[in-house]
K.L.:
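Submitted below is the structure of interest, expressed as structure tokens.
Numbers here simply count residues along the sequence, with the first being 1.
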Amino acid sequence: MKKNKLWQVAICFVLILSMCFPLLAGCTPAQSSSFHVGTTAPADDLGQKGDFYFNKTTSELFYKTDAWEKVADLKGQQGQPGQTGEQGVGVTDVALVDGEIIVTLSNGEKINVGPLPTDESQQPEFSETDAKNAFYAKMKEKAASFGIDTDRLTFNSAISESSGSITSRDMAKMGVMAMGYDELVKIWNQHKYTFTTSEVVKTITVESTFMEGDYGHYLSDHYYVLGGKTGSLAKTSAGTPVTCIVVAVKGPNDATFVGFISGKFRDTDSQNRFRLAKTAFDIASQKYLDKNADTSALEETLPSDCMITILSLPQTGNLLSYNYYDWYAEDSPYLVYDKNGTMPYYTASSWKILTCMTALDYIADLDETLTITESCIKSGSGPVFDGGEVITYRDALHLILLPSSNTTCVAIAAAVGQKILQHESSVSGGPVYSPVGEGDFGFDTAPVVSVSEAKSNPDTGMPVKVRGVVIGATNTYDNSTSTVMLIKDEQSNEICGVAKALTTKSAFETNLPFEIGDIVEIPVICEVVPGNFSYGGEHNKLTFTWFGDRFDSTDPTPFVTKYRVGHTDNFAIDKEQVTTVIDSQEDLEAFCNRESGLHWEIVILRGTTEQPLKAVTGAATASGKEDKDMKREYIRIFFDNPTSIDEQKVGKTSPSLSNFGNLHNLPDLLSTMMFNQTEYAQEDFTQPYTFVGDVYCLVIGGSTAYYHFIVPDASCIVPA
């Protein structure tokens with residue numbers, strides 16, 4: 001067969017493929033079509049909508065919509081016998097290699113006939129207004145996923161929010177989530193960026209208002225800045241200007257601080273957001289190292305009405321799960337400094353980081369282009385556009401984050417909104433990346449693991465369904481009021497606690513729709529995080545964070561049906577399996593100071609006649625609580641005879657016993673569960689209560705938790 005005939009085969013193949021697409025009207029190829037090859041007809045369960053299949057035996061080409069359909073026969077009709085000559089050459093194989101169609105002929109020759117054709121005519125075109133509105137709707141969804149009260153906001157612009165309803169806590173949380181976007185992090189600490197537009201050709205260099213501004217050095221002279229975004233409004237409906245920044249810096253001891261700093265003033269040489277930020281991070285640094293540090297002198301220099309929230313990122317863990325941390329819980333280990341943190345005010349262009357995060361959720365290729373239309377052109381900072389300039393999404397993100405271009409925000413809303421509408425209107429379409437949200441984190445296909453497996457081999461940051469038996473709940477997890485549902489392995493004494501439910505009303509309150517003994521498959525993220533720095537932080541702890549649906553207390557049936565898979569009466573802790581016994585001060589200190597053991601476990605505190613277990617109350621106080629309210633929540637434990645709290649401490653805090661609030665059998669007092677006493681010595685180490693006997697305790701892994709022994713209700717030890 002001559003060379004030109006080879007190309008005839010290839011050209012015919014391309015023409016046949018091209019002819020296939022009109023036959024597929026109404027069926028848009030999937031986001032990533034695949035090309036399958038076999039020697040028989042395609043199996044019904046093979047592939048997905050938009051895929052192709054080539055049968056090498058028959059040379060038939062199939063396309064999959066709801067089912068496989070034959071769309072072409074590449075072998076053609078049998079020809080008439082000809083004169084003796086070279087044997088004919090046909091197609092023996094078709095493969096998709098790196099997006100290119102490779103045709104293999106019967107003589108072994110391979111021909112690259114280019115990329116798989118797509119039927120672009122099937123993609124609907126939506127109006128620019130509809131596209132922008134679709135993008136703003138996604139911005140609103142994303143803001144809501146961060147816990148922001150979006151009912152108070154208007155999402156009619158990708159430029160900035162000016163309703164005065166955002167708090168510094170909202171914006172600091174948004175800054176934390178921005179750190180999870182690699183491309184955003186790469187961009188927002190750059191000083192300059194140069195690019196060239198196409199169609200209307202311009203070479204443009206932009207500078208960062210954050211890194212290259214007149215005042216940025218007030219902060220960067222003292223802190224290593226990881227990135228940030230400025231915002232300012234010369235006029236607000238409140239009549240007061242605002243300047244603010246979202247910023248991430250390196251803090252002491254390798255900490256990463258993310259904060260929002262806002263003031264009701266314009267930048268001047270004597271008073272501006274960067275000097276304000278420097279002071280705020282100075283305060284945060286001292287508080288991070290010592291939560292009781294006296295920072296009053298620094299705080300007196302801050303304007304009384306400024307708004308500041310600074311968070312410290314956990315030094316381990318997965319950013320994907322940060323959205324479900326309780327950053328602002330009482331005694332939060334992550335909230336380092338907060339001033340007027342819940343005061344709503346204006347964000348100005350700091351809001352544009354939400355624009356960028358929303359866009360990145362739907363952009364598969366940053367080198368793809370968009371057009372700056374005349375209707376997108378807005379006044380404000382950044383380069384001047386005439387309309388018709390074509391830029392990449394990478395250029396657009398630089399324009400938004402560095403010079404804070406309003407025009408580019410609107411252009412990206414129109415372009416990405418078009419993608420959103422096309423995906424959501426297509427038969428098989430969907431976002432390139434679905435933002436993490438409740439019920440939308442891959443749990444339908446997540447592996448089911450036992451409690452023992454989840455604890456022994458945590459796949460940090462990955463979703464799993466932990467299977468176990470409900471044995472109760474506690475509200476004293478990690479020295480806070482966070483609620484935890486405890487589930488036990490079906491085959492052993494292994495226990496873990498699932499914390500921080502995303503519920504309209506806490507699923508771990510006493511109205512939890514699970515019964516003790518229910519077998520459940522709980523969707524969680526497992527991760528290893530540092531202990532609370534305020535209490536030491538030398539060790540890590542293993543956390544299991546709820547990632548399931550919200551619980552509606554008015555109709556619990558769907559919730560229960562989804563997560564309860566059975567029931568058993570075999571939920572008791574086997575006391576014979578408990579092997580860790582602590583019966584001396586030496587053993588207690590060794591247990592608390594060990595370097596490993598990121599797990600939850602049952603141990604025995606054993607008081608003997610020679611070494612009785614000793615206890616005093618008045619163990620802890622919490623914001624908003626009187627010490628008397630804490631008496632029965634924390635009891636200091638020890639074996640030796642200390643004369644003061646400091647002498648009694650192991651490491652940086654005190655081992656303590658806590659009541660275990662079983663949701664179905666909540667004891668009124670800790671004393672009724674263990675010591676059978678109603679009064680204890682109040683911080684009087686010279687007259688502690690002494691106890692001889694065994695006390696079974698649940699110990700939660702981590703620096704605070706190693707010192708935190710929870711006394712279970714009797715129903716956890718023997719069947720009710």
K.L.:
Test Arg169 against every option in Thr342, Asp338, Asn340, Thr309 by the side-chain hydrogen bond (donor to acceptor under 3.5 Å, both in side chains) rule and name the one that passes.
P.N.:
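Exactly one candidate clears the test, Asp338.
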K.L.:
Can you list the steps and then say if Phe146 with Leu354 is a side-chain contact (heavy atoms from CB on, under 4.5 Å)?
P.N.:
CA-CA 11 Å; Phe146 297 158; Leu354 180 63; 4.1 Å; yes
K.L.:
Is there side-chain contact between Ser168 and Tyr345, with at least one heavy-atom pair below 4.5 Å?
P.N.:
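No, side chains not in contact.
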K.L.:
Is the shortest side-chain heavy-atom distance between Leu360 and Leu184 below 4.5 Å?
P.N.:
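They are in contact (side-chain heavy atoms under 4.5 Å apart), so the answer is yes.
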K.L.:
Mind telling me whether Tyr53 and Phe62 have parallel, tilted or perpendicular rings, with 30° and 60° as the class edges?
P.N.:
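Ring orientation, 0 to 90° scale: perpendicular.
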K.L.:
Is any side-chain heavy atom of Met174 closer than 4.5 Å to one of Trp351?
P.N.:
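Yes, side chains in contact.
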K.L.:
Check this for me, if you would: do Lys138 and Asp361 make a salt bridge, where the nitrogen-to-carboxylate-oxygen distance has to be below 4.0 angstrom?
P.N.:
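Result for this pair is no, no salt bridge flagged.
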K.L.:
For residues Ile516 and His567, report the shortest heavy-atom separation together with the two atoms involved.
P.N.:
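Closest heavy-atom pair between Ile516 and His567: O-CE1, 3.3 Å.
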K.L.:
Quick one: do Val176 and Leu313 satisfy side-chain contact (heavy atoms from CB on, under 4.5 Å)? Show the steps, please.
P.N.:
CA-CA 8 Å; Val176 166; Leu313 299 187; 3.7 Å; yes
K.L.:
Do the side chains of Thr355 and Ile412 get nearer than 4.5 Å, heavy atoms only?
P.N.:
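Yes, close enough: below the 4.5 Å cut-off.
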K.L.:
Less than 4.0 Å between a side-chain N and a carboxylate O, is that true for Glu494 and Lys488?
P.N.:
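Here Lys488 does not pair with Glu494 in a salt bridge, since their nearest N and O are not under 4.0 Å apart.
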K.L.:
Using side-chain contact (heavy atoms from CB on, under 4.5 Å), reason through Asp694 and Leu605 one step at a time and then give a plain yes or no.
P.N.:
CA-CA 6 Å; Asp694 290 348; Leu605 291 175; over 6 Å; no
K.L.:
A side-chain contact here means heavy atoms from C-beta on lying under 4.5 Å apart; do Ile604 and Thr580 qualify?
P.N.:
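No, their side chains stay 4.5 Å or more apart.
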K.L.:
Is any side-chain heavy atom of Phe135 closer than 4.5 Å to one of Ile420?
P.N.:
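When only atoms from C-beta onward are counted, Phe135 and Ile420 do touch, with a gap below 4.5 Å.
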K.L.:
When rounded to the nearest 0.5 angstrom, what is the spacing between OG in Ser332 and CG in Asp326?
P.N.:
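Reported to 0.5 Å precision, the distance equals 7.0 Å.
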K.L.:
Report the distance from atom CG of Asp569 to atom CZ of Phe571, rounding to the nearest 0.5 Å.
P.N.:
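Answer for the CG-CZ pair, Asp569 versus Phe571, is 6.5 Å.
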K.L.:
Measure across Pro314 and Tyr334 and return the closest heavy-atom pair with its distance rounded to 0.1 Å.
P.N.:
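The answer is CG-CE2, 3.4 Å.
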K.L.:
Take atom CD in Gln577; do more than 12 heavy atoms of anything else shown fall under 6.0 Å from it?
P.N.:
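Yes.
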K.L.:
Under 4.0 Å between a Lys/Arg side-chain N and an Asp/Glu carboxylate O for Arg467 and Glu490?
P.N.:
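Answer for the salt bridge query: yes.
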K.L.:
Looking at side-chain heavy atoms only, is the closest gap between Thr167 and Phe260 below 4.5 Å?
P.N.:
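No. Closest side-chain heavy atoms not under 4.5 Å.
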K.L.:
Distance only, no hydrogens: is a donor on one side chain within 3.5 Å (strictly under) of an acceptor on the other, for Asp489 and Ser452?
P.N.:
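No, no side-chain donor-acceptor pair sits under 3.5 Å.
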K.L.:
Minimum heavy-atom separation for Trp327 and Ser312, please, with both atom names.
P.N.:
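Of all heavy-atom pairs spanning Trp327 and Ser312, the closest is CZ3-O, 3.8 Å.
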K.L.:
State, with a plain yes or no, whether a side-chain heavy atom of Val498 is found less than 4.5 Å away from one of Val466.
P.N.:
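No, every pair of side-chain atoms sits at 4.5 Å or beyond.
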K.L.:
The test is side-chain contact (heavy atoms from CB on, under 4.5 Å); show your working for Gln418 and Phe126 and say whether it passes.
P.N.:
CA-CA 6 Å; Gln418 194 72 230; Phe126 296 89; 3.4 Å; yes
K.L.:
If I take atom CE from residue Met307 and atom CG from residue Asp170, how far apart are they, to the nearest 0.5 angstrom?
P.N.:
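That separation rounds to 12.5 Å.
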